[in-house]
Structures are given as structure tokens and as C-alpha cells.
Novice: 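Here it is, the structure, as C-alpha cells.
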Amino acid sequence: MSRVYNFSAGPAMLPEEVLKEAAEEMTDYRGTGMSVMEMSHRSQAFASVLNEAETDIRELMHIPENYKVLFLQGGASLQFAMIPMNLMKNKVADYIVTGQWAKKAYQEAQKYGRVNKIASSEDKTFSYIPDCSDLSVSPDADYVYICENNTIYGTKFRELPDTKGKPLVADVSSCFLSEPVDVTKYGLIYGGVQKNIGPAGVVIVIIREDLITEDVLPGTPTMMQYKTHADAGSLYNTPPAYGIYICGKVFKWLKKQGGLEEIKKKNEKKAKLLYDYLDESCLFKGTVEKKDRSLMNVPFVTGNEELDAKFVKEAKEAGLENLKGHRSVGGMRASIYNAMPYEGVQALVDFMKKFEKENL
């Protein structure tokens, strides 16, 4: 069977070039006579995998020296607890709730201190990003939290909130490495890699060194302290070695594409193709305010649940996989991450036009 165009929100498609390289090295990585998934994480061979991965992501994102890059486990969801455990010195934090994952993080943080919801778009089913230019940031807040790209609802912060000098913490799981980023605007950036970078099982945390301290909430497990992992160079315990290896290959692939400046241009071109069609279609319509549209996740509906189901079924038969919307919102969603080629989005738009003709 030939490869399909996989529009899954995550785990999502990876560059075919990366998969082929990994396949070639599956039984013998660089003359070691073994796969990366078999080798000791304490070996020199794996040390080079980890070091190259960190060097490359630092280069791609222009990460300053005073930020640590940590390759961790537990997915983005574990960070919902790790962040307050490590950063809530005053036991106060401000959250901007623009989707399901920000909401979950906000709820989890409430176990550890006073958490203020200082902005939200829940009133319109998270279909927009609220104005965050002049927020009522709490004077004693330890940080301000956002989910920068909302996978389920297809919204993206175009301007970062004014945090009034408080550290900004951002979940970037579904927009990681999709465009250039000024890391210095954040205290902590993190994301699960399974959407735009690698296989499920790795979460990358980029954290400013002054936020890494031994002053954590009482009872914080050793494994959930950033200092534990920073001091050990992400090798406190056995890391998700094979996942990190694939991430490293994706970093090199991104560099070959011309870096994040070039990948952003490609992502904008793909998104424009799909959004332009949605804006002119008589059958399909987007669900997000235009100014807040994500380049990565594009939700759309016909307005008829039966027709939506028919579309998803026939699209799958045409080799367009995983277009069903999240269970909480229904409809359809096309996730068009870095690895989705322009041809895949063109195939989707062509199919949508055909479906529209046949079902109007």
C-alpha cells in the first residue's frame, strides 16, 4: 500500500526522508551493530545522539546560553503539574484559557496554589484569542501561562500577552518549530513532540536558568524537579532514547529545509491554500475568527453531522486519513504540520471541491 496523507493532530506524520533514514539504521546505527533503541543511554554513541539533537534545536531556535534544553517524558500533561510544582514560589499563577489543554493545565495548577483565569475565549467555544495587550496580571503571580496554538480549536496567538514583567510559560506542542521564535520572551517553553517533531513519548522543555532552583513545593518528587534533569543533562534516568533520536533527525531535516524562516513560508503557503478554499466554499466553513487562525490545525464543518461523517468516510477511502474533528467539537480538522507536503493539502482541497459538487 502507498503512503496516505495523514492529517492526524498527533501522533502525526513525520518526514518520509527521516523515516527512511531511520529504517536504514534500524539494525546498525553508525557501525555500532545495534539500533538506537537497543543501546545504553550511557554509551558514547547515544551521547552523540543527544548532544547533536540539543545543538541542532538550539541552532534552529537561536536558544540563548542561559536557557536549558531538557528532553523529558510524561508528555505535555505532566508539565501541567511540574510547572506549578517548580515555579509557584508565591503559590500564585495567572492562566489564559483558550482551549481544552489550557483549561486542563489551569485545573491541575489549582492543586498547588491560587490560580487566576485572567482571560478566556470559552464564551465562544474557544473560536478566538482574547485581547491580551493589557491584562490584569496579579502583582504576586509567579508566571503567566498560555497554550500558544490550540490543536482542537485551531487558534493561535499572533501576539504574545503582555505579562507585565512576569515570566511567560507557553505550551507550544502543536506549533513547535513551525516558525521562528524569540525564546527570550519566555521563561519556559514546552511541548510534546508527537505533533510536529517526533514520535510520542518525548516532551521538550526550554527553561531559563534562573527558574531552575531547589526551591520547589514541598513533596515535589525528585523526577519532577527541573533541576534534577538540568543537572543530569536529561540523563537522570533512562530517557526516551529512540524518540530523541528521531527528533534529532527531524531537526536536521528542518535545517536542510532552510530553518524556521523557510518552514514558516511553506506552512503559510499550505494554510493559505486551504483557508482560501474554505472562505469561498458554499458547503464547508471554517470555525475560527480569521485573525486568530492556526497554520497547523484547521477545523471546518458542513453544518450537517451526517454530511460530516460521510465526508470523513469518503476522504479516508481517497487516502486522506484522520480528518475527523476532536470529539469535543465534531466536524472535521486537518492538521497540516511541517511534514505535510503542499501536495497533501492540494489533494485535500481537490477532494473537498469534488465532494462539494456531489453533495450540494
Side-chain angles (χ1 to χ4, degrees), residues 5-13 76 96-105 119-122 124-132 145-161 168 170-182 186 189-197 254 260-261 263-279 281 284-301 320 322-342 344-345 348-349 352:
Y5 289 122
N6 179 10
F7 293 93
S8 171
M13 69 185 299
I96 298 168
V97 178
T98 53
Q100 204 64 30
W101 300 114
K103 188 176 180 180
K104 285 178 184 287
S120 174
S121 54
E122 197 163 6
K124 293 184 181 175
T125 326
F126 300 123
S127 60
Y128 71 102
I129 297 294
D131 179 7
C132 297
Y145 182 102
I146 63 170
C147 180
E148 195 162 322
N149 188 89
N150 295 284
T151 323
I152 295 173
Y153 300 94
T155 57
K156 168 77 163 71
F157 278 81
R158 294 285 165 215
E159 300 288 335
L160 293 176
L168 177 63
D171 176 353
V172 298
S173 294
S174 54
C175 61
F176 222 161
L177 300 180
S178 63
E179 58 184 29
V181 172
D182 182 355
Y186 305 80
I189 311 174
Y190 77 93
V193 305
Q194 72 276 9
K195 299 172 182 297
N196 214 22
I197 302 174
L254 284 167
L260 302 190
E261 291 78 8
I263 213 73
K264 183 185 181 185
K265 290 177 189 173
K266 292 180 179 181
N267 287 331
E268 287 175 334
K269 187 180 176 188
K270 289 185 297 186
K272 184 178 188 302
L273 176 63
L274 183 49
Y275 283 125
D276 281 355
Y277 169 66
L278 285 172
D279 288 342
S281 172
F284 300 100
K285 71 174 194 297
T287 59
V288 173
E289 290 192 14
K290 287 186 180 181
K291 66 180 177 62
D292 300 322
R293 284 172 165 175
S294 167
L295 295 180
M296 300 283 97
N297 310 101
V298 184
F300 56 97
V301 296
L320 307 170
N322 293 310
L323 282 161
K324 186 176 181 180
H326 191 271
R327 61 187 177 276
S328 65
V329 293
M332 284 74 68
R333 172 181 52 181
S335 293
I336 50 176
Y337 299 124
N338 290 344
M340 174 60 69
Y342 184 84
V345 182
L348 172 60
V349 169
M352 290 170 77

Novice: If I compare all heavy atoms of V301 with all of G331, which pair ends up nearest, and what's the gap?
Specialist: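 So the two residues come closest at CG1-CA, 3.9 Å.
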Novice: Have K270 and N267 got a donor and an acceptor in their side chains that come within less than 3.5 Å?
Specialist: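 Yes - a donor-acceptor pair under 3.5 Å links their side chains.
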Novice: Which residues pass the side-chain contact (heavy atoms from CB on, under 4.5 Å) test with E159, not counting sequence neighbours?
Specialist: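 Here no residue qualifies.
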Novice: Please identify each residue that fulfils side-chain contact (heavy atoms from CB on, under 4.5 Å) with S335, with sequence neighbours left out.
Specialist: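 side-chain contact (heavy atoms from CB on, under 4.5 Å) check on S335 returns A9, N297, R333, Y337.
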Novice: Taking the side chain from D292 and the backbone from T155, do they hold a donor-acceptor pair closer than 3.5 Å?
Specialist: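 No, D292 side chain to T155 backbone: no donor-acceptor pair under 3.5 Å.
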Novice: Just one of K272, K266, K264 clears the salt bridge (Lys or Arg N to Asp or Glu O under 4.0 Å) bar with E268, so which one?
Specialist: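 Of the listed options, the one satisfying the test is K264.
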Novice: Less than 6.0 angstrom from the centroid, inside 45 degrees of the normal: does K124 satisfy that with respect to the ring of Y128?
Specialist: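 Yes, K124 lies over the aromatic ring of Y128.
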Novice: Restricting to non-hydrogen atoms, name the atom on K156 and the atom on S294 that form the minimum distance, rounded to 0.1 Å.
Specialist: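 Closest approach of K156 to S294, heavy atoms only: CB-CA, 3.9 Å.
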Novice: Between F300 and K285, is there a cation-pi geometry (under 6.0 Å to ring centre, at most 45° from the normal)?
Specialist: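 No, K285 and F300 do not form such a contact.
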Novice: Look at the side chain of T151 and the backbone N and O of S174, then say whether any donor-acceptor pair between them is shorter than 3.5 Å.
Specialist: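 Absent.
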Novice: On a heavy-atom basis, which atom in F7 and which in G344 lie closest, and how many Å separate them?
Specialist: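 For F7 and G344, the tightest heavy-atom pair comes out as CZ-O, 3.4 Å.
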Novice: Does any donor atom in the side chain of N150 or T98 lie under 3.5 Å from an acceptor atom in the other side chain?
Specialist: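 A donor-acceptor contact under 3.5 Å links the two side chains.
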Novice: Assess whether atom CZ of R158 is packed by more than 12 heavy atoms of other residues, nucleotides or ligands within 6.0 Å.
Specialist: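 Yes, the 6.0 Å shell around CZ holds more than 12 heavy atoms from other groups.
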Novice: Atom NZ of residue position K290 - does it have more than 12 heavy atoms of other residues, nucleotides or ligands inside 6.0 Å?
Specialist: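 No, because the 6.0 Å sphere around NZ of K290 holds 12 heavy atoms or fewer from other groups.
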